[in-house]
Amino acid sequence: MLKQELARCLQQAVLEAQQRGALATAALPDVIIEHPQNAEHGDFASGFPLKLARSVRMSPMAIAEKVLEYIVPPPQIDKLWVAPPGFINFTLREDWLSMEVESMLAAGESYGDIELGKGRRVQLEFVSVNPTGPLHVGHGRGAVLGSTLANVLTVSGYAVEKEFYINDMGNQIDNFGRSLYARYRQCLDKEATMPPDGYYGNYVVDLAKEMVQEHGDRFLLLPESEAASQLVEVGITRMLQRIKQDLEVLNVVFDIWFSERSLYQGGQYDKAMELLQSGAYVAKKENATWFASSSLGEDKDNVLVRSDGSPTYFASDVAYHYNKFLERKFDWVIDIWGADHQGHVPRMKAVLKALGCDPEQLQVILCQLVTLRRGEEIVKVSKRSGDIITLREVIDEVGSDACRFLFLSRSADSQMDFDLELAKRQSADNPVYYVQYAHARIASILRFAEQQGMDCSQGDVALLTTEPELTLIRRLILLPEVIEQVAVNLEPHHLPYYAQDLATVFHSFYKQCRVVSKDEALTKARLKLVKATQIALAKVLRLMGMTAPEKM
RNA sequence: GCCCCUGUAGCUCAGAGGAUAGAGCGCUGGCCUCCGGAGCCAGGUGCAAGGGUUCGAGUCCCUUCAGGGGCACCA
């Protein structure tokens, strides 16, 4: 990328200057190239002379002037100059900018792809809810975040696998089974009491009714625990189907659905525990088995196996991450969790150390919680209370594209109010549609041009020289940088902002520059620019998992 | 009590230690004989408070205040 090239070129110039004795030798700070906010300061700028001033005992301006003499700028650069208090600024050649339109057209759908991952295998695990109820709006946020990151990492050259971890065993499953059994009995007019911490949502009642319809009263003949465990099997299957469907409506699709139970059936759990034991990270205390994480710098130890012999969720997660790293050998694993799992992160990092892995290979994105509200009223989303609003209802009300855009527009570490009223009210006049409208408008221009018999294949992009045209191109060439930024920092929220910005610049260009006109040569050139814009807009929309409509 | 996240415009939020802090919504006023007016142009108020580091802090560090989350033999 040009940015990196400029950084290298500056470093080279400093070295050169130092070798010739024009500058005192000193450790060079990281040369950071940035885009100045003010267009008068050029397309790129670096303030490194300001950082170097102290160590080489010269004024920043003098350093900048000296270094400037040794810079051999890449051919894309038009001008470079020194600006107080010690910046070096660069502008791009305008003929190079317009030629970039051709490379975008040539790249087509692959425009913006970068070679960052070099084929490294990365696993993204997200959503991973208990299959004991429908998804709510908070899960939607993680789902959108995860699927968008997966898209971006894929075009950044990683081999990505998206995985949903199914917690299909443990206390919550037992609880779900008992709740289902109680509802089942109640449906058959038998006396039953719900577990006090049971699942009180109406969907459990509906599920029980289905069970009665399909199986009659045959579960009444079984002992309670047996009946509950049979019922819960069906319950899990149904819930997973529903979860899967809801996610598909949100355009979230997984490669692998990984069952927690399989860790025990496949021997992964035993192997992981042996490994911990062999490293002496396991201790028996008060009849339970503990992970001695305090020996790894944690504040306290954690229970792996309860005194009743059942493994904790944490033990499963140890086995699961053993599987991810040592069996499946992912180079990089990204887990997306809700902020309420925050305390789990250091534990898991300690587990990686104990398993002999580099904790850096595991990256956990903590997604702050979502509060759903309707105007002033806060809507409950707890699965166990009765009155829940499901993710599906929100999607049906607001639309999948708008949901995705809204979820993506906030960084993962800021908590979020999702206001149904606002989301719907804005739906007509909303950044989501603003961006899509730009895409549809382009499609319309291209249709119109086609009707006029215009073929732009011979267009000469060198004719693109006016300010609105060049401004548009300057935005278009930012796409690879945005993708890189999202991939490196795992921050997909830059995508909607870029998309909106690009749409704004396009709309402004459209207002100022008539595309299809009597000037045939200019028309063909501008059609190329418009097509390139469509490519970039479609790309960002696709990365965000949204549709890029031809008409609205 | 300890730990994590957050505090930027009336509201919802962006902001790679850099030059004059931005967008959307809302509000006010302009703009279609013409490729889509779901659009364009113009208008203004703000970094929670206080210290520190730095040539330079919304950004890094400390303290205080405020909101959210965590600190289970739950997941």
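Residue numbers start from 1 in every chain, and the chains themselves are labelled A, B, ... in the order their sequence lines are given, proteins ahead of strands. All values reported here derive from a predicted model rather than from experimental measurement.
- Distance Phe407(A) CZ to rC13(B) P: 13 Å, rounded to the nearest Å.
- Side-chain N/O atoms of Asp317(A) and His344(A) include a donor and acceptor closer than 3.5 Å.
- The phosphate of rC32(B) (OP1 or OP2) has no side-chain N or O of Tyr510(A) nearer than 4.0 angstrom.
- On the P atoms, rU53(B) is 15 Å away from rC62(B), given to the nearest whole Å.
- Applying the 5.5 angstrom centroid cut-off and the 30 degree plane-angle cut-off, the aromatic ring of His494(A) is not stacked upon the base of rA14(B).
- Annotated as anti: rC61(B), whose O4'-C1'-N torsion sits more than 90° from 0.
- Atom CG of Asn430(A) is separated from atom P of rC25(B) by 9 Å (rounded to the nearest Å).
- No hydrogens or angles were tested; on distance alone, a donor-acceptor pair under 3.5 Å links the side chain of His341(A) to the base of rA75(B).
- Between the side chains of Tyr320(A) and Gln268(A), no donor-acceptor pair is found at a separation under 3.5 Å.
- Side chain of Asn89(A), nearest nucleotide from rG37(B), rC74(B), rA19(B): rA19(B).
- Here the nucleotide nearest the side chain of Tyr313(A), chosen from rG56(B), rA75(B), rA23(B), is rA75(B).
- One atom, CD of Glu467(A), and another, P of rC41(B), lie 11 Å apart when rounded to the nearest Å.
- OP1 or OP2 of rA14(B) sits under 4.0 Å from a side-chain N or O of Ser414(A).
- At the phosphate of rA14(B), OP1 or OP2 sits under 4.0 Å from a side-chain N or O atom of Ser411(A).
- Between the side chains of Asn489(A) and His494(A), no donor-acceptor pair is found at a separation under 3.5 Å.
- Residues Leu366(A) and Glu40(A) each lie close to RNA chain B; by heavy-atom proximity, the contact nearer the 5' end of the strand is made by Leu366(A).
- Considering every non-hydrogen atom in both Leu366(A) and Gln342(A), the closest pair reads CD1-CB, 3.8 Å.
- Closest to the side chain of Asp413(A), out of rC5(B), rC35(B), rG17(B), is rC5(B).
- The nucleotide whose nearest atom lies closest to any side-chain atom of Pro36(A) is, among rC71(B), rG36(B), rA19(B), rA19(B).
- Taking only side-chain nitrogens and oxygens, Arg347(A) never comes nearer than 4.0 Å to OP1 or OP2 of rA75(B).
- In this structure, CD1 of Ile445(A) is placed 13 Å from C1' of rC34(B), rounded to the nearest angstrom.
- One N or O on the side chain of Thr312(A) and one on the backbone of Ala315(A) form a donor-acceptor pair closer than 3.5 Å.
- Taking both residues in full, the closest heavy atoms of Lys349(A) and Leu362(A) are given as NZ-O, 2.6 Å, listed atom of the first, atom of the second, then distance.
- Between Arg441(A) and rG39(B) there is no side-chain polar atom (N or O) within less than 4.0 angstrom of OP1 or OP2.
- Phosphate contact (OP1/OP2 of rC34(B), side-chain N/O of Ser517(A), threshold under 4.0 Å): absent.
- For Asn171(A) and rC74(B), the shortest distance from a side-chain N or O to OP1 or OP2 is below 4.0 Å.
- Across the protein-nucleic acid pair, Glu298(A) atom CD and rC71(B) atom P stand 14 Å apart, rounded to whole Å.
- In this structure, the nucleotide among rA19(B), rG36(B), rC31(B) sitting nearest to the side chain of Lys511(A) is rC31(B).
- Using a 4.0 Å heavy-atom distance criterion, Gly47(A) is classed as a base contact.
- One donor-acceptor pair, N or O on each side, does fall under 3.5 Å between the base of rU20(B) and the side chain of Asn38(A).
- Residues Thr148(A) and Arg404(A) bring a donor and an acceptor atom of their side chains to less than 3.5 Å of each other.
- Of the candidate nucleotides rA72(B), rA19(B), rA75(B), rA19(B) has the atom lying nearest to any side-chain atom of Phe87(A).
- Contact annotation: Arg410(A) side-chain N/O to rC13(B) OP1/OP2 distance is under 4.0 Å.
- Looking at heavy-atom distances under 4.0 Å, Cys513(A) makes contact with a base.
- rG67(B) and rU28(B) are spaced 35 Å apart, taking the P atom of each and rounding to whole Å.
- From Ile334(A), atom CD1 reaches atom CG of Leu490(A) across 4.5 Å, with rounding to the nearest 0.5 Å.
- The separation of rU8(B) from rA57(B), taken at their C1' atoms, amounts to 14 Å, rounded to a whole angstrom.
- Between the side chain of Ser307(A) and the base of rC73(B), at least one donor-acceptor pair of N or O atoms lies under 3.5 Å.
- Checking rC5(B), rG39(B), rG56(B) against every side-chain atom of Tyr434(A), the shortest atom distance belongs to rG39(B).
- rU63(B) and rG22(B) have their P atoms separated by 32 Å, with the value rounded to a whole Å.
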Q. Tell me, what's RNA chain B's dot-bracket, Watson-Crick or G-U with both distances under 3.5 Å, | for other-strand, [ ] crossing?
A. (((((((..((((....[...)))).(((((.......)))))....(((((..]....))))))))))))....
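- Among the nucleotides rC55(B), rG15(B), rA75(B), the one closest to the side chain of His493(A) is rG15(B).
- Taking atom OH on Tyr497(A) and atom C1' on rU8(B), their separation rounds to 12 Å, with Å as the unit.
- For rC25(B) and rU20(B), the P atoms lie 28 Å apart once the distance is rounded to whole Å.
- Rounded to a whole Å, the NZ atom of Lys524(A) is 17 Å from the C1' atom of rC35(B).
- With no hydrogens or angles considered, a side-chain donor-acceptor pair links Tyr434(A) and Thr504(A) at under 3.5 Å.
- No hydrogens or angles considered: nothing links the side chains of Gln172(A) and Thr132(A) as a donor-acceptor pair under 3.5 Å.
- Using C1' as the reference atom, rA21(B) and rG15(B) are 8 Å apart when rounded to the nearest Å.
- Among the heavy atoms of the strands lying under 4.0 Å from Lys51(A) is at least one base atom, whether or not backbone atoms are also near.
- Between Gln415(A) atom CD and rU12(B) atom C1' there is a gap of 13 Å when expressed in whole angstrom units.
- Using modelled atom types and a 3.5 Å distance limit, the side chains of Asp519(A) and Ser517(A) yield no donor-acceptor pair.
- For Gln342(A) and Ala503(A), each mapped to the nucleotide of RNA chain B holding its nearest heavy atom, the one lying further toward the 5' end belongs to Ala503(A).
- Judged by centroid separation below 5.5 Å and plane tilt below 30°, Tyr437(A) does not stack onto the base of rG39(B).
- Taking the P atoms as reference points, rC65(B) lies 16 Å from rG50(B), given to the whole Å.
- To the nearest whole angstrom, the two P atoms, one in rG26(B) and one in rG58(B), are 31 Å apart.
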